[in-house]
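Below is one structure, written out as structure tokens; the observations come after it.
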Amino acid sequence: MISQRQIESLELEQLHMYKFIDKTGKEVYLPGVAYHMPKATIRLFSPQSYLQTHGGYATVEGDKVTHHLPPSCNQKAAGLGGSEVEFPIEMSGGNIPLISGVSCT
């Protein structure tokens, strides 16, 4: 359970670019505002906020969440659909989607 003090220590960061690898192995860059606790070693990405702001949708399966992103300008020009990024659900660590090896600027 997160305490009120921990909630109050959350800070709003500036816009970050998150680099993920999509299902085809290509790099996908997603803009987002990162909320984090200054002493934490992780960045929290809000998929709900991203999808509400930039479009797309997510599907939840037994062991993963897949983000179906709207096509980029280059994908549209080539007649392609958007990228899909999978977030495995960490069954032993709280039953939440976690991803590692993500770059953040």
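Just so it is clear, the values below take in all heavy atoms, side chains as well, and ignore hydrogens, waters and symmetry mates.
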For P70 versus H54, what's the shortest heavy-atom pair and its separation? CG-O, 3.3 Å
K26 and I21, any side-chain heavy atoms less than 4.5 Å apart: no
Please find the pair of heavy atoms, one from G62 and one from I89, that lie closest to each other, and give the distance. O-CD1, 4.2 Å
Roughly how far, to the nearest 0.5 Å, is the OH atom of Y50 from the OH atom of Y18? 12.0 Å
Between atom NZ of K64 and atom CZ of F87, what is the distance when rounded to the nearest 0.5 Å? 13.0 Å
What pairs with E27 under salt bridge (Lys or Arg N to Asp or Glu O under 4.0 Å), at least two apart in sequence or on another chain? K19
Minimum-distance pair of heavy atoms, taken over all atoms of P71 and G81: CB-C, 3.8 Å
d(T53 OG1, L30 CG) to nearest 0.5 Å is 12.0 Å
Using distance alone, with no hydrogens and no angle criterion, decide if N74 and S72 have a side-chain donor and acceptor under 3.5 Å apart. no
Quick one: pull up CG in D22 and CG in L69 and give me the separation to the nearest 0.5 Å. 8.5 Å
Listed by chain and number, what are the side-chain contact (heavy atoms from CB on, under 4.5 Å) partners of H68, not counting sequence neighbours? Y57, T59, T66, E84
Can you tell me how far NZ of K23 sits from OG of S83, rounded to the nearest 0.5 angstrom? 11.0 Å
